[in-house]
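Sequence lines set the chain letters: A, B, ... in the order given, protein chains first and strands last, and positions in each chain run from 1.
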Amino acid sequence: MTVMSYLGAIGAAQREAMEADPSVVIIGEDVEANVYGTTGGGKSRSDKGDFLQMFGSNRIRNTPISEEVIVGAAAGAAMTGLRPIVDLSYSSFLYMAMDQFVNQVAKNRYMFGGQASMPVVFRSAMFYGLNTGAHHSDRPYPMFMNVPGLKIVVPATPYDAKGLLRTAVDSDDPVLTFEACILWGTKGEVPEEEYRIPLGEARTVRRGDDATVVAISSAVPAAIAAAESLAEDGISVEVIDPRTLVPFDTEAVIRSVQRTGRLVVADPAHRTCSAAAEISAMVAEEAFESLRAPIVRVTTPDTQIPFSPSLEKQLYPSGPRITEAIRRVIGQPTSMPSHGARDMDQLATQAPR
Amino acid sequence: MTVMSYLGAIGAAQREAMEADPSVVIIGEDVEANVYGTTGGGKSRSDKGDFLQMFGSNRIRNTPISEEVIVGAAAGAAMTGLRPIVDLSYSSFLYMAMDQFVNQVAKNRYMFGGQASMPVVFRSAMFYGLNTGAHHSDRPYPMFMNVPGLKIVVPATPYDAKGLLRTAVDSDDPVLTFEACILWGTKGEVPEEEYRIPLGEARTVRRGDDATVVAISSAVPAAIAAAESLAEDGISVEVIDPRTLVPFDTEAVIRSVQRTGRLVVADPAHRTCSAAAEISAMVAEEAFESLRAPIVRVTTPDTQIPFSPSLEKQLYPSGPRITEAIRRVIGQPTSMPSHGARDMDQLATQAPR
Amino acid sequence: MNLSPQTQLEMQRRMLRIRRFDERASKMVKRGQIPGTVHTSIGQEAQVVGACMALGEGDYMTGNHRSHGHPIGKGSPLGPLMAELVGKATGVCGGKGGSLHLADFSVGSLGESGIVGSSIPIATGAALSSKVLDNGHVSLAFFGDGAANQGCLYEAMNLAGVWKLPIVFLCENNQYALSTPAHTVTSGVIADRAAGFGMPGVRVEDGQDVLAVYDAVHTAVRRARRGEGPSLVEVITYRYNEHSEGLKLGTDYRDQAERAQWVERDPIVVFRQRLVDDGVATAEQLDALEAEVIEEVDEAVQFTNDSPFPDPSVAFKDLYTEPIGALA
Amino acid sequence: MNLSPQTQLEMQRRMLRIRRFDERASKMVKRGQIPGTVHTSIGQEAQVVGACMALGEGDYMTGNHRSHGHPIGKGSPLGPLMAELVGKATGVCGGKGGSLHLADFSVGSLGESGIVGSSIPIATGAALSSKVLDNGHVSLAFFGDGAANQGCLYEAMNLAGVWKLPIVFLCENNQYALSTPAHTVTSGVIADRAAGFGMPGVRVEDGQDVLAVYDAVHTAVRRARRGEGPSLVEVITYRYNEHSEGLKLGTDYRDQAERAQWVERDPIVVFRQRLVDDGVATAEQLDALEAEVIEEVDEAVQFTNDSPFPDPSVAFKDLYTEPIGALA
Ligand SMILES: Cc1ncc(C[n+]2csc(CCOP(=O)(O)OP(=O)(O)O)c2C)c(N)n1
Ligand SMILES: Cc1ncc(C[n+]2csc(CCOP(=O)(O)OP(=O)(O)O)c2C)c(N)n1
Ligand SMILES: [Mg+2]
Ligand SMILES: [Mg+2]
């Protein structure tokens, strides 16, 4: 085992994948200069240009700012013999290439009756929680979940980030990974040897009996904090990190809810049509008989992301908001001051009430 | 009252809006020649070029095929004094302009602290069920529901299509309307005089006590058919058409479920993160105590849309599939042959099971 | 350009294959035998075939909604194409694609796109893999005058320019995008846009002359193959039929006299005459060629009629390469 | 071009306002007094001010992530801009926007965009409303050499060309997009791309000369105002600082000698000398001007410090013009 940061783990996975297979290439803006820290050898930001030296400019493809053709070209290259890893830097830029994602990447194999395969990985980082305002803070994975044909990965730890990225590169289908910048610095143990984590296998982060929390991306550490604080009150919370949203490990969630009878879903995406909505709907259909309380979603309210530090942080699922939600589902009196978590969840929807 | 087709009602609403306010303009591909039948005076397809004669080429803006700039330019024009109606023809083309929708249309007012207002309507038609294959059959409203700042309209009748479009044009916020081509020919009564339908008010299509069906767009006639067929067996089904997805009339749905205790949501979108998922999650959180059965979604499975007539039609919510779902929630033995509705719903997800 | 008689006859054969295939498809869609819609290339055969014949077998190609001509021009067998239009299990895409989404990877046809402009980046990516893998394949992207106003074209041209990718951007300027005359929505000249993106741009004024098209595209292909990068070729041509047949979406507002003038310069008639005049073939040989093609189309229809529709469960196949849940 | 002394002094004042404001912002972000990141226009003042001064008061403008210079150049007061960078309630966007999303509609600034290229269509739309409403306003879209490879620029140029919209596309070519040298990712010459889209394209080689920029943009603005349509103006310039300050995303790989050469031709120093040489102002007058600007920046910071942060509930305001549920 060795200790790595989340960002370092991504760099290491990229390096291993590049070393393992000459048809793997990296395509993206500023990848040559290692601006985002994942094309420098997986060590530190100061390893500028390592990948360029190691793999050459034929395989490290520094692009113009042209997301639409970057995504489409990666798809076309994947259909004809390469296995590109595309670095789209921030997730907010994916919309620029939405047509390519939906109409080409997701559809080509199906439309052409299986003639195409599309081994391509699109990496992007969600920059929320860092005071950069509405244009850099998006968490758009729910949109892509609504597009059949894509696989969607949302790692929350260095171990998962590395293992899932290796699997993504191995996959013959298109994979989108949504990384959380706020986790970039998180450190964790990672095996020295190569390993893969299958897509579609949730990780039970913490066992518990009184309620299940399914937490996504940066909501995972928040859920752990909530579980720890409730443990002090003798409340035992199970925390599940699905790790991939498509495919989704329904069984792990259902099994847990069958045991606990209570579900909270913590999801940093906007509330309406979020991953949390899907998970809730799934359980309301398939584990209804086990449910002993309403399913509560802790999400980002349906508002855009404001810049001011006095406005932004409150919006994302936090330890206290998740704690509050768990107390609600287990029927405990809440302890939040007004204008706290409860209010946030009341404000959290575009539905008139 | 007069009888109008769904398509005619849209044309009539456009004509009225153009006549009422000189700042209303129509922007889109092939609007000059009235190719899609809504810029010809609201009468019939053969009224070619009517709007062009009535309103002139300054206000009827025939565009190049450049969705990204069309959407952005309409937004910019709306920020500076016009009230554009943008005809994007098919909903599958919206992805081309996704960045403009998400990063400009939805965010500008908020980001700029209320300085901008954005009175613009984006119309598009969902061409599913008509054997044109994966590139024309999209039903992408769930994606847009995940974007705070947009209003989303899904009319299912001529009356609603006309009344909601007038309200949309009046709105100082951006509105997306998703029309269903399969309903273009549907005829219905429409008042002679001008009228508006508020956004956020559901329509109870049919009263009933045993189960509630919330149905969207072309699923509305399918739900009515299901309710009618079940009425013969003495089962009384309430059918609700939300008409707008943002804002959403939560209260109407909750009130109904409080009475019936059972909910089926019929939604032609892909299942994962669909509008149906949102509605289900909403009810599982807010009307849990009233629920006497699992919430069942009848959606389009998470597969792309195939071309062949032997493959396509089965995928959308149909009368029989909705009937079957209602029987399930009221605990009646099902009557479907194998490979029928039940199978479809089992195939309907990207989650491994 | 000195082309062998064999090559010239193959050009005529391919133009005829497109013409007869599309005439049949047009009839069938009107009779309801083909579901949905078709967009025919009738009138544009020289432009399609001149371009395709300038490519080698291993070369890649993408196209658009006006889709049948491209794979036919690239040498795809007609049976599976016709079966695809009808939605049969034996279709080239197993019935999943239909007219708008033909693809025949066996001849380098990487797919037609119902979304205007959307396949241009795909062709660019195929050129990228050729470059990285150094396998000598050239890509060609077919798109219309309408698509020439989609931004992704310029992103693609720029990327191909800086990376010197082996690709030809081929604009089929049939002077209309649906009802819209190109000159009313196009600022400047399409071919002239190449210069600003650092590549040659040529305009084939007589796109009804298959040899003229071949020459221009062949020059571009050779440049690409030499590693010198992309080119833009704009070909002026004309479609005879409605934009789209079967949907009854609006009709065409083109001047009938304009159409008549173009029909007079029909690419197949013109080239036939030239083959005779140049002594490449006799009228009888050309009649025989035509008869062969008609038979080939008849056989394609027969093949289609004899084929079953796909089982409904096929709708759940091919989304991923491996099963996800119930989806395979 | 004969500009009044007053106008020339105003140019120098605006350049100084940008310089001093951005220097202060740069310091503040490094000290953690500004959250997030800022992108300064230091070194590019002549390009920004030359363009803005060629516009009238009612004219519209959009910009990008390198955002402070544009509204300052257009005459926006500094207090609300600085307060916005810090996220105060008195910020020009009420604290909702921040450095990346400045907008001051009172001076025609319709918004800076953190998404590269994304505001170009918005400016095009403002030009469309000017045209439809016939109100004489011209639009100007600022964007970088990096943004010049986004497809939406060419869609916008084409649309503006066919509709003869009153707009100026202004490319701030500071020769880098983040770490990437423009010449490595740009095929052809940006200004030359205009021709293919049927409009004049000029390149201002000395973008450090505020008058040269003014001349080129003024010509384009007059053309737009006469109803003759759009122009593309590319200005060669240089940023002195890191791409982005505060985030510590990678550092800059530019040659320090290259930077030094540009600093030597500093636009503010050069223009100051010229004003003195031409007898437009004395050194003392220019010192006084500079002192005024410094005081203005100090006051902006004071204003910011004195201002409260917005109440958390403000996060739920301004999404729509009317309340939707609990959202207003
Ligand atoms: C992105 C997108 N916008 C609009 C359409 C609708 N549409 C289909 S074909 C067409 C015209 C295309 O014109 P052109 O590119 O010149 O090709 P042609 O039909 O003339 O061969 C239009 C507008 C579409 N399919 N995709
Ligand atoms: C669509 C999009 N892609 C990428 C980025 C990340 N990014 C921000 S600024 C920048 C460089 C922009 O270069 P240029 O347009 O030349 O402007 P400059 O910073 O040089 O003023 C990049 C790549 C972005 N913000 N938006
Ligand atoms: Mg055309
Ligand atoms: Mg730059």
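- Residues Trp163(C) and Thr63(A) form a side-chain contact, since some pair of their non-hydrogen atoms from C-beta on lies under 4.5 Å apart.
- Only the backbone of Leu102(C) comes within less than 4.5 Å of a heavy atom of chain A; no side-chain atom from C-beta onward does.
- By number of non-hydrogen pairs under 4.5 angstrom with chain C, the leading residue of Val105(A), Ile65(A), Leu82(A) is Leu82(A).
- Note on Met79(A), Lys107(A), Gln100(A): by heavy-atom pairs under 4.5 Å with chain C, the leading option is Gln100(A).
- Counting heavy-atom pairs under 4.5 Å between each of Met118(A), Lys151(A), Arg61(A) and chain C puts Arg61(A) at the top.
- Residue Ile115(C) touches chain A through its side chain alone, counting heavy-atom pairs closer than 4.5 Å.
- For Tyr60(C), the part lying near chain A is the side chain, with the backbone staying farther off; criterion is any non-hydrogen pair under 4.5 Å.
- Interface check for chain A: of the options Leu100(C), Leu128(C), Thr124(C), Ile120(C), the most heavy-atom pairs under 4.5 Å are formed by Leu128(C).
- Between Glu16(A) and Arg166(A), at least one side-chain N (NZ, or NE/NH1/NH2) sits under 4.0 Å from a carboxylate O, which counts as a salt bridge.
- Ring planes of Phe93(A) and His136(A): perpendicular class, angle over 60° (limits at 30 and 60°).
- Residue contact with chain C, scored on non-hydrogen atoms closer than 4.5 Å, involves the backbone and the side chain of Asp172(A) alike.
- Rounding to the nearest 0.5 Å places OG of Ser139(C) at 5.0 Å from CD1 of Ile167(C).
- Looking at Asp104(C) and Lys74(C), no side-chain N of the basic residue comes within less than 4.0 Å of a carboxylate O on the acidic one, giving no salt bridge.
- Counting heavy-atom pairs closer than 4.5 Å to chain C, the top residue among Ala74(A), Ala75(A), Ser117(A), Ala116(A) is Ala116(A).
- Ring geometry, Phe142(C) versus His70(C): the interplanar angle falls under 30°, so the pair is classed parallel (tilted spans 30 to 60°).
- Within the 4.5 angstrom heavy-atom criterion, no atom of Glu84(C) approaches chain A.
- A salt bridge links Arg225(C) to Asp59(C): at least one charged side-chain nitrogen sits closer than 4.0 Å to a carboxylate oxygen.
- In terms of heavy-atom pairs under 4.5 angstrom with chain A, the leader among Gly94(C), Gly117(C), Ser118(C), Ala156(C) is Ser118(C).
- Taking the six-membered ring for Trp and thresholds of 30 and 60 degrees, Phe197(C) and Tyr154(C) have ring planes inclined between 30 and 60 degrees apart.
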